[in-house]
2 protein chains.
Amino acid sequence: MEQTADPQTACPVTPVVDMVFSRWTTPILWSLHHHGRQRFVELERRLTSITPKVLTQRLRQLERDGLVARTYHAEVPPRVEYEITALGAGLGPLFAQLATWADANLPEVERARESYDARPAPARQASTDTGRAR
Amino acid sequence: MEQTADPQTACPVTPVVDMVFSRWTTPILWSLHHHGRQRFVELERRLTSITPKVLTQRLRQLERDGLVARTYHAEVPPRVEYEITALGAGLGPLFAQLATWADANLPEVERARESYDARPAPARQASTDTGRAR
DNA sequence: CTGCATCCCTTATGATACTG
DNA sequence: CAGTATCATAAGGGATGCAG
């Protein structure tokens with residue numbers, strides 16, 4: 001949530017991006033997708049460094065969006081389990097493609113960064129169109 | 001950018017997500033992808049509501065990551081053009097799949113939200129596993 | 001036109017401590 | 001165990017104004 005106005009108008013995929021790729025949501029979905037139904041603590045441990053507060057927030061959001069299902073067991077020590085819904089599982093192929101792209105192209109991204117950082121910054125000006133890309 | 005520590009460890013796609021799906025980057029890439037090479041002002045106009053400062057920041061980041069190429073023409077009124085690189089263009093299929101998912105599932109997400117918001121919130125507890133999803 | 005420098009403020013996020 | 005409440009902090013983003 002939280003788009004001031006309309007990055008959306010220029011780009012039809014913004015709503016999905018905001019929902020699926022906001023901070024922590026990807027690791028959470030990934031974890032639930034690959035390790036199946038898990039309790040709160042399990043998630044907390046797997047996503048080392050997340051605080052319970054934030055984890056709760058994100059899980060609530062995902063539950064509201066229908067990507068994650070929450071099951072509350074009113075036992076002595078309370079037990080709550082989270083799992084991916086069918087809707088959420090439909091994102092699987094997308095994640096897979098994302099991973100594929102990463103494997104194939106992250107190295108080049110890394111090189112681009114080094115190359116960029118190497119330039120003193122003044123050199124970045126005045127690049128007469130040397131016809132690159134496309 | 002900016003992951004304090006390691007949402008990454010739990011999820012291999014986090015680096016890509018941070019790079020491609022941080023705020024405004026999706027609309028920018030989308031615009032460059034669909035309308036081709038554009039000048040700074042054109043982008044600014046298309047992404048109504050973005051400020052030049054932020055647009056510059058994002059473009060720099062994308063340039064550094066090698067997804068966007070910048071061409072500076074040292075003319076009387078300066079002219080700068082941005083375009084997608086081959087690397088950036090490789091994200092096309094991914095965006096397409098994202099759009100497809102959106103078309104197919106956003107309505108259901110919307111329904112999930114309404115349904116969730118309808119519940120008084122106390123009712124959200126004690127849901128004996130009514131075997132949902134998966 | 002392009003875009004950097006400043007200042008300011010909202011918001012998100014993290015650390016900590018405490019209940020059912 | 002599974003959260004919630006409170007507080008503190010920092011980052012992101014917007015609004016100028018000015019320079020190449």
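In what follows, chains are A, B, ... by sequence order, proteins preceding strands, each numbered from 1.
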K.L.:
Phosphate oxygens OP1/OP2 of D/dG14: is one of them under 4.0 Å from a side-chain N or O of B/Thr51?
P.N.:
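True: B/Thr51 side-chain N/O within range (under 4.0 Å) of D/dG14 OP1/OP2.
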
K.L.:
A/Leu55 CG to D/dA5 P: how many Å, rounded?
P.N.:
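Those two atoms, CG and P, are 16 Å apart.
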
K.L.:
Starting at CZ of B/Arg45 and ending at P of C/dC1, how long is that distance when rounded to a whole Å?
P.N.:
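Going from B/Arg45 (CZ) to C/dC1 (P), I get 7 Å.
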
K.L.:
For the residue pair A/Gln61 and A/Arg64, confirm or rule out a side-chain donor-acceptor distance under 3.5 Å.
P.N.:
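No, because no side-chain N or O of A/Gln61 sits under 3.5 Å from a partner of the opposite role on A/Arg64.
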
K.L.:
With no angle test and no hydrogens, is the base of C/dG14 tied to the side chain of A/Lys53 by a donor-acceptor pair under 3.5 Å?
P.N.:
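Between C/dG14 and A/Lys53, which were checked side chain against base, a qualifying N/O pair under 3.5 Å is present.
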
K.L.:
Take the protein atom NE2 of A/His73 and the nucleotide atom C1' of D/dA2, then report the distance between them rounded to whole Å.
P.N.:
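In whole Å, D/dA2 C1' and A/His73 NE2 are 13 Å from each other.
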
K.L.:
Are the side chains of B/Phe95 and B/Val20 in touch, meaning some heavy atoms are under 4.5 Å apart?
P.N.:
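Sidechains of B/Val20 and B/Phe95: in contact.
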
K.L.:
When the nearest nucleotide of DNA chain C is assigned to B/Arg39 and to B/Gln57 on a heavy-atom basis, which residue is associated with the more 5' position?
P.N.:
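In this pair, the answer is B/Arg39.
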
K.L.:
Test your reading of the model: is there a side-chain donor-acceptor pair from B/Gln38 to the backbone of B/Ser31, 3.5 Å cut-off?
P.N.:
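Between the backbone of B/Ser31 and the side chain of B/Gln38 there is a qualifying donor-acceptor contact (under 3.5 Å).
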
K.L.:
Compare side-chain N and O positions of A/Arg23 against OP1 and OP2 of C/dG14 and report whether any pair is under 4.0 Å apart.
P.N.:
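Yes, such a contact exists.
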
K.L.:
Could you check whether any side-chain heavy atom of B/Arg39 comes within less than 4.5 Å of a side-chain heavy atom of B/Val80, counting everything from C-beta outward?
P.N.:
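Side-chain contact under 4.5 Å: no.
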
K.L.:
Side chain of B/Arg70 only, heavy atoms from C-beta on: which candidate in C/dG3, D/dC1, D/dT4 is closest?
P.N.:
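So the side chain of B/Arg70 is nearest to C/dG3.
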
K.L.:
From C-beta outward on B/Thr56, which listed nucleotide comes closest to its side chain: D/dG3, C/dC4, D/dC1?
P.N.:
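For the B/Thr56 side chain, the nearest candidate turns out to be C/dC4.
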
K.L.:
Which listed nucleotide (D/dG14, C/dC1, C/dG14) is nearest to the side chain of A/Val54?
P.N.:
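Looking only at heavy atoms from C-beta outward on A/Val54, the closest nucleotide is C/dG14.
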
K.L.:
Report yes if some heavy atom in the side chain of B/Thr56 is under 4.5 Å from a heavy atom in the side chain of B/Phe40; otherwise report no.
P.N.:
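A side-chain contact under 4.5 Å exists here.
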
K.L.:
Rounded to whole Å, how long is the line connecting atom CD of A/Glu44 with atom P of D/dC1?
P.N.:
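Spelled out: CD on A/Glu44 to P on D/dC1 is 9 Å.
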
K.L.:
Is there a side-chain contact between B/Tyr82 and the phosphate of C/dG3, meaning an N or O under 4.0 Å from OP1 or OP2?
P.N.:
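Looking at the OP1 and OP2 atoms of C/dG3, one of them is under 4.0 Å from a side-chain N or O of B/Tyr82.
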
K.L.:
Please determine, for the side chain of B/Arg60, which listed nucleotide (C/dC1, C/dC4, C/dA15) has the closest atom?
P.N.:
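That would be C/dC4.
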
K.L.:
To the nearest Å, give me how far apart CG (B/Leu59) and P (C/dC1) are.
P.N.:
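Value for this atom pair: 16 Å.
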
K.L.:
To the nearest Å, give me how far apart CG (A/Leu43) and P (D/dA2) are.
P.N.:
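So the CG-P distance, A/Leu43 to D/dA2, works out to 9 Å.
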
K.L.:
By nearest heavy atom, map B/Phe40 and A/Pro52 onto DNA chain C; which one lands nearer the 5' end?
P.N.:
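Looking at the nearest nucleotide for each, B/Phe40 comes out on the 5' side.
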
K.L.:
Measure the distance from CD1 on B/Ile50 to P on C/dG3 and round it to the nearest whole Å.
P.N.:
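So the CD1-P distance, B/Ile50 to C/dG3, works out to 13 Å.
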
K.L.:
Whole angstroms only, please: what is the CH2-C1' distance between B/Trp24 and D/dG14?
P.N.:
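Interatomic distance, CH2 of B/Trp24 to C1' of D/dG14: 12 Å.
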
K.L.:
Think B/Arg58 has a side-chain N or O under 4.0 angstrom from the OP1 or OP2 of D/dG13?
P.N.:
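Yes, B/Arg58 has a side-chain N/O under 4.0 Å of OP1/OP2 on D/dG13.
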
